[in-house]
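In what follows, chains are A, B, ... by sequence order, proteins preceding strands, each numbered from 1. Everything numeric here is computed off the predicted structure, so don't read it as measured data.
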Protein chains: 2
Amino acid sequence: MSVEAKAAPFAGPAAAEKAYRLEEHIGFVLRKANQRHLALFSARISDLTPPQFAALARLEEVGEASQNQLGGLIAMDAATIKGVIDRLKARGLVEIDTHKEDRRRLVVRLSAEGRDTLARLRLLAFAITEETLAPLTGRERASLMRLLAKIG
Amino acid sequence: MSVEAKAAPFAGPAAAEKAYRLEEHIGFVLRKANQRHLALFSARISDLTPPQFAALARLEEVGEASQNQLGGLIAMDAATIKGVIDRLKARGLVEIDTHKEDRRRLVVRLSAEGRDTLARLRLLAFAITEETLAPLTGRERASLMRLLAKIG
DNA sequence: CTGATATCATTTGCATACGAATGAATTTGC
DNA sequence: GCAAATTCATTCGTATGCAAATGATATCAG
């Protein structure tokens, strides 16, 4: 079948030839967990993506911010946040002005409709987190969140 | 500053108005953890992406598979795996033939160069997982992997 | 045997994501 | 005060990632 050995105990080709199992690597399991979360999210909130929601939620927290500043607050680089804000603006969920003192900056803030949208989706967002963590006990959930925060 | 209340204990606007903190939602922390892992990955393996690596690693395990089948083995839909395989093929890391009995299928397998590439990157991949999990103790690492597998 | 279904791959459209290059505006260093 | 360095936003290129539609082939039902 495969060229690779079956990794019988103590009988590998060499010490360095530890079996490579995708499932034991953090990148692979992170990608799958993300995938499941995204599926649950879009099933409940079909008209907004997680990054878009994050941008709105952060704007509600901080009031207003420059575009890049906002990106920093939700871990998005300049190129990525631009697209997100463009789409939110096109849908009237955020408003944009140029900064009065620094003409390079764009000041972004929630529109009334953006605020309404957030209010409407708030409980759904909690439900999505709940649903994503459903396979875990309460203790496990806290543990997972703590460990992820540590490596993030 | 913000319109949102500061969420003084027992003094929220209403019972349903639990404060929404991005950092307490699984999607946000998953995205950030993924981000850090990707940065570490590309710093060590700049000529291959994690999905490409996953495809090669799985091919080594299973010998060969149809394109969609391989996608299923690494959690990628048909549209996504196509692009990944196209790029691996363009670089000579995989070989492709049409299935003899079922002309719809593409049979994908590692090329000699793909096998060499995997051998060369194997230890680096372990180092990347190690580095990503570096902030955690051994016990925490095992716990995180187990919990992620549970929700993935 | 043949029409209905199902499967495999492809294509299109949209939305992240990031690196690198660019232009405009501001700040710093001397 | 002005050249150099920095910052903010934009643009381009590349690579996932998914939904939906399509075409080709295979299988199934009657």
Side-chain angles (χ1 to χ4, degrees), chain A residues 27-28 30-43 45-55 64-91 93 96-108 152, chain B residues 27-28 30-43 45-55 64-91 93 96-108 152:
Chain A
F28 187 69
L30 272 177
R31 187 166 67 82
K32 284 190 61 175
N34 231 331
Q35 229 170 46
R36 174 156 164 278
H37 173 261
L38 178 65
L40 295 174
F41 189 101
S42 71
I45 302 182
S46 58
D47 60 340
L48 221 53
T49 65
Q52 287 167 7
F53 187 88
E64 64 179 38
S66 83
Q67 189 172 275
N68 280 0
Q69 222 176 319
L70 178 59
L73 292 173
I74 53 178
M76 279 182 217
D77 70 8
T80 302
I81 189 69
K82 186 197 187 308
V84 173
I85 295 301
D86 279 355
R87 285 180 284 277
L88 290 176
K89 183 191 174 189
R91 292 177 45 187
L93 302 179
I96 296 181
D97 281 308
T98 57
H99 191 100
K100 285 194 180 58
E101 292 166 18
D102 186 342
R103 283 180 302 174
R104 293 170 305 180
R105 292 193 206 172
L106 297 183
V107 178
V108 187
Chain B
F28 187 70
L30 272 177
R31 189 166 66 82
K32 284 190 60 173
N34 231 330
Q35 229 171 44
R36 174 157 164 277
H37 173 263
L38 179 64
L40 294 174
F41 189 101
S42 71
I45 301 181
S46 58
D47 60 339
L48 221 54
T49 66
Q52 288 167 5
F53 187 89
E64 63 178 40
S66 83
Q67 190 173 273
N68 280 1
Q69 222 175 318
L70 178 59
L73 293 172
I74 53 178
M76 279 182 218
D77 69 8
T80 302
I81 189 68
K82 186 196 187 307
V84 173
I85 294 302
D86 279 355
R87 286 180 284 275
L88 290 175
K89 183 190 174 189
R91 293 178 42 187
L93 300 179
I96 297 180
D97 282 308
T98 58
H99 192 100
K100 286 195 178 56
E101 293 164 17
D102 186 341
R103 281 180 304 172
R104 291 170 305 180
R105 292 192 205 174
L106 297 183
V107 179
V108 186

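Contact annotation: A/Thr49 reaches the phosphate of C/dT16 (side-chain N/O to OP1 or OP2, under 4.0 Å). Using a 4.0 Å cut-off, no side-chain N or O of A/Arg103 falls inside it from OP1 or OP2 of D/dC8. At the phosphate of C/dA17, OP1 or OP2 sits under 4.0 Å from a side-chain N or O atom of B/Arg31. In this structure, A/Gln35 does not reach the D/dT16 phosphate: none of its side-chain N or O atoms is under 4.0 Å from OP1 or OP2. Distances shorter than 4.0 Å separate some side-chain N or O of B/Gln52 from OP1 or OP2 on D/dT16. Remark: A/Gln69 is not in phosphate contact with D/dA9, judged by side-chain N or O atoms under 4.0 Å from OP1 or OP2.
When the P atom of C/dT16 is taken as reference, atom CG of A/Leu70 falls 13 Å away, rounded to whole Å. Distance B/Met76 CE to D/dA19 C1': 17 Å, rounded to the nearest Å. Rounded to an integer number of Å, the gap from A/Leu106 CG to C/dA24 C1' is 12 Å. Note: CZ (A/Arg87) to C1' (C/dA17) measures 11 Å, nearest angstrom. As a whole-Å value, the separation of B/Asp77 CG from D/dA15 C1' is 14 Å. Computed from coordinates, the A/Leu30 CG to D/dT16 C1' distance equals 16 Å when rounded to whole Å. A/Leu40 places its CG atom 13 Å from the P atom of D/dC18, with the value rounded to the nearest Å. D/dG17 atom P lies 9 Å from atom CD1 of B/Ile74, rounded to whole Å.
In this structure, A/Lys82 and A/Ser42 both approach DNA chain D, and ranking their closest nucleotides by distance from the 5' end singles out A/Lys82. Heavy-atom nearest nucleotides on DNA chain C were determined for B/Arg105 and for B/Leu38, and the one closer to the 5' end corresponds to B/Arg105. Where A/Pro50 and A/Ala79 each meet DNA chain C at their nearest nucleotide, the meeting point lying more 5' is that of A/Pro50.
The nearest pair of heavy atoms linking B/Ser66 to B/Arg105 is CB-CD, 4.1 Å. Of all non-hydrogen atoms in B/Ala55 and B/Leu88, the two that sit nearest each other are CB-CD1, 3.9 Å.
Each of B/Arg104, B/Lys100, B/His99 was evaluated against B/Asp102; a single residue qualifies, B/Arg104, per the side-chain hydrogen bond (donor to acceptor under 3.5 Å, both in side chains) test.
Note: A/Leu106 CG to A/Ile85 CD1 = 9.5 Å, rounded to the nearest 0.5 Å.
Across C/dT26, C/dA6, D/dT16, the shortest atom-to-atom separation from the side chain of B/Arg104 is found for C/dA6. Distance from the side chain of A/Asn68 is smallest for D/dA9 among the nucleotides C/dT16, D/dC12, D/dA9. Residue A/Gln67 has its side chain nearest to D/dT10 when only D/dT10, D/dC18, C/dT10 are considered.
When atom types are taken as modelled, the side chain of A/Gln35 and the backbone of B/Ala75 share a donor-acceptor pair closer than 3.5 angstrom. Looking at B/Arg31, its side chain never comes within 3.5 Å of a backbone N or O of A/Pro51 through a donor-acceptor pair.
Among the atoms of the strands shown, only primed sugar atoms or phosphate atoms (P, OP1, OP2) are found under 4.0 Å from some heavy atom of A/Asp102.
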